[in-house]
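A quick write-up on the structure given underneath.
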Amino acid sequence: MSIATPRAVPRQILTFAAVGVINTATYYGLYLLFLDPLPYLGAHVLAFLLSMTGSFFLNARFTYRTRPTWRKFLMFPLTNAANFLITTAGVYVIVGVLHAGSRFAPLLASTAAIPVTFVVSRWIMLTGPDAAG
């Protein structure tokens, strides 16, 4: 992993949070759009995949200030694997087990995945032969 100045990590966390807000809004808007024609899990999966692509480019540019490469792009889904599993399980538990509404379930479920996603995305974006951009 590249050596970060003491101020780099706090800035990355704040920027990651801002990108996360944008990504969550994008995801949720897409989820609601797809909720009518698709079952809630289908809407979740499609919205997640589309918003993850946007998240990759925003994080590369603004959070980690690194050049987006095919290697990083292809590894980025690994970054979100834990996020996907945690949020999908959360959505299922909230809607399928607890019988709560499907509209806000993804927002509630996603909060548990945020710290894991930051650590893994930072590792993906700042390691490897093309990490310096």
Side-chain angles (χ1 to χ4, degrees):
M1 186 170 300
S2 67
I3 307 275
T5 64
R7 291 191 290 194
V9 174
R11 182 200 58 78
Q12 288 172 353
I13 292 170
L14 290 174
T15 307
F16 184 81
V19 168
V21 168
I22 293 166
N23 186 53
T24 300
T26 301
Y27 161 78
Y28 190 57
L30 291 170
Y31 174 77
L32 292 177
L33 180 70
F34 299 140
L35 194 55
D36 282 336
L38 298 173
Y40 71 91
L41 285 177
H44 165 67
V45 170
L46 187 55
F48 188 91
L49 291 173
L50 291 172
S51 65
M52 182 175 58
T53 300
S55 177
F56 167 76
F57 288 105
L58 290 173
N59 277 304
R61 172 70 175 96
F62 297 107
T63 304
Y64 304 111
R65 298 178 180 177
T66 187
R67 181 174 51 94
T69 64
W70 280 109
R71 178 190 163 277
K72 292 174 192 173
F73 183 76
L74 293 173
M75 289 184 69
F76 199 72
L78 298 175
T79 301
N80 285 286
N83 184 314
F84 180 76
L85 292 173
I86 293 166
T87 58
T88 301
V91 167
Y92 173 76
V93 168
I94 292 166
V95 177
V97 176
L98 301 176
H99 305 291
S102 60
R103 287 203 165 312
F104 295 107
L107 298 176
L108 296 171
S110 67
T111 58
I114 294 168
V116 173
T117 303
F118 174 75
V119 170
V120 178
S121 71
R122 188 171 193 280
W123 179 78
I124 294 288
M125 296 298 234
L126 298 179
T127 61
D130 56 2

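In this text the structure is predicted, and so the values were computed from the model without any measurement. Just so you know, these numbers use all the heavy atoms, side chains as well, and skip hydrogens, waters and symmetry mates.
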[X], [Y]: one ILVMFWY side-chain cluster at the under-4.5 Å cut-off?
X    : Y   : value
L41  : F48 : yes
L85  : L78 : no
W123 : F62 : no
Y27  : F34 : no
L50  : Y31 : no

Side-chain atoms of residues 86-98: list all donor-acceptor pairs with protein atoms under 3.5 Å, sequence neighbours left out, distances to 0.1 Å.
residue, atom, partner, partner atom, Å
T87, OG1, N83, O, 2.8
T87, OG1, F84, O, 3.3
T88, OG1, H44, NE2, 2.9
T88, OG1, F84, O, 2.7

Using the side chain to side chain contact (heavy atoms under 4.5 Å, CB included) criterion, which residues pair with [X]? Sequence neighbours excluded.
X   : value
L14 : none
T53 : F57, F73
R61 : none
T26 : I22, L30, S51

- Item | Polar side chain donor-acceptor pair, S121 to Y64, under 3.5 angstrom | yes
Donor-acceptor list for residues 103-115 side chains, cut-off 3.5 Å, not counting sequence neighbours:
residue, atom, partner, partner atom, Å
S110, OG, P106, O, 3.3
S110, OG, L107, O, 3.0
T111, OG1, L108, O, 3.0

- Task: Sequence neighbours left out, what passes ring-ring contact (aromatic ring centres under 6.0 Å, His included) with F76? Give chain and number order.
- Result: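 Result, ring-ring contact (aromatic ring centres under 6.0 Å, His included) vs F76: F56.
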- Who pairs with F118 by ring-ring contact (aromatic ring centres under 6.0 Å, His included), at least two apart in sequence or on another chain? F16
Hey, could you give me the [atom1]/[atom2] distance between [X] and [Y], rounded to the nearest 0.5 Å?
X   : Y    : atom1 : atom2 : result
T66 : R122 : OG1   : CZ    : 11.5 Å
N59 : M52  : CG    : CE    : 12.0 Å
L38 : L35  : CG    : CG    : 8.5 Å

- Task: Mind running side chain to side chain contact (heavy atoms under 4.5 Å, CB included) on T63 and M125 for me, showing each step along the way?
- Result: CA-CA 10 Å; T63 304; M125 296 298 234; over 6 Å; no
- Chi angles and distances behind the side chain to side chain contact (heavy atoms under 4.5 Å, CB included) call for Q12, L126: CA-CA 12 Å; Q12 288 172 353; L126 298 179; 3.8 Å; yes
- Message: Between N23 (side chain only) and V19 (backbone N and O only), is there a donor and an acceptor less than 3.5 Å apart?
- Response: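 Checking the backbone N and O of V19 against the side chain of N23, no donor-acceptor pair under 3.5 Å is found.
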